[in-house]
Amino acid sequence: MPLSRRKKIKTPAVRKVRGSKVKAFKTTPHQKKRQVSPRNQTFRVLKQPRVTEKGTILQALNQYIFEVNLKANKNEVKKAIEELYEVKVVKVNIINFMGKQRRYGRIQGKTRAWKKAIITLRQGDTIKLFEGV
């Protein structure tokens with residue numbers, strides 16, 4: 001039988017699972033992508049508020065400091081703050097902190113990198129989390 005008339009046999013997609021074991025799984029062309037709710041995204045963007053001396057001074061200027069995800073950008077941070085605390089964000093400044101080299105005897109290491117966001121709120125808006133600090 002010539003090659004052009006041969007029936008093509010469809011094989012399932014194969015993925016490698018832990019070492020040499022192979023597991024087959026079916027894929028459909030119209031698979032729905034899982035929708036992530038915006039509320040879920042908020043907690044992926046914001047890690048924690050940074051309560052520091054500088055942060056308490058900045059509260060007089062209506063600014064708050066948060067530690068955010070390394071891959072987050074200004075727009076994502078703004079949406080997350082507005083959604084979570086129900087305030088209006090005027091401006092977002094982001095600062096990247098690279099990990100520092102540390103040494104313990106002969107062992108060299110590095111502290112983790114992190115990202116800080118300084119949020120400026122609309123006049124009159126406050127975040128209740130920071131009150132009394």
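Counting begins at 1 with the first residue of the sequence.
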**OP:** Any chance you could lay out the side chain to side chain contact (heavy atoms under 4.5 Å, CB included) test for Val77 and Phe66, step after step, and finish with the verdict?
**Re:** CA-CA 9 Å; Val77 171; Phe66 287 89; over 6 Å; no
**OP:** With side chain to side chain contact (heavy atoms under 4.5 Å, CB included) as the test, would you mind laying out the steps for Tyr64 and Val87 before giving the verdict?
**Re:** CA-CA 12 Å; Tyr64 297 91; Val87 293; over 6 Å; no
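For the side chain to side chain donor-acceptor pair (under 3.5 Å) condition, the pairs that include at least one residue of residues 66-81, sequence neighbours left out, are Gln48-Glu67, Arg50-Glu67, Glu67-Arg112.
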Donor-acceptor list for residues 90-102 side chains, cut-off 3.5 Å, not counting sequence neighbours:
none

Scan the side chains in residues 114-122 for donor-acceptor partners under 3.5 Å anywhere in the protein, sequence neighbours excluded, and list what turns up.
residue: Lys115; atom: NZ; partner: Leu70; partner atom: O; Å: 3.0
residue: Lys115; atom: NZ; partner: Ala72; partner atom: O; Å: 2.8
residue: Thr120; atom: OG1; partner: Gln63; partner atom: NE2; Å: 3.2
residue: Arg122; atom: NE; partner: Asp125; partner atom: OD2; Å: 3.4
residue: Arg122; atom: NH2; partner: Asp125; partner atom: OD2; Å: 3.4

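Counting heavy atoms from C-beta on, the side chains of Gln59 and Leu61 never come closer than 4.5 Å.
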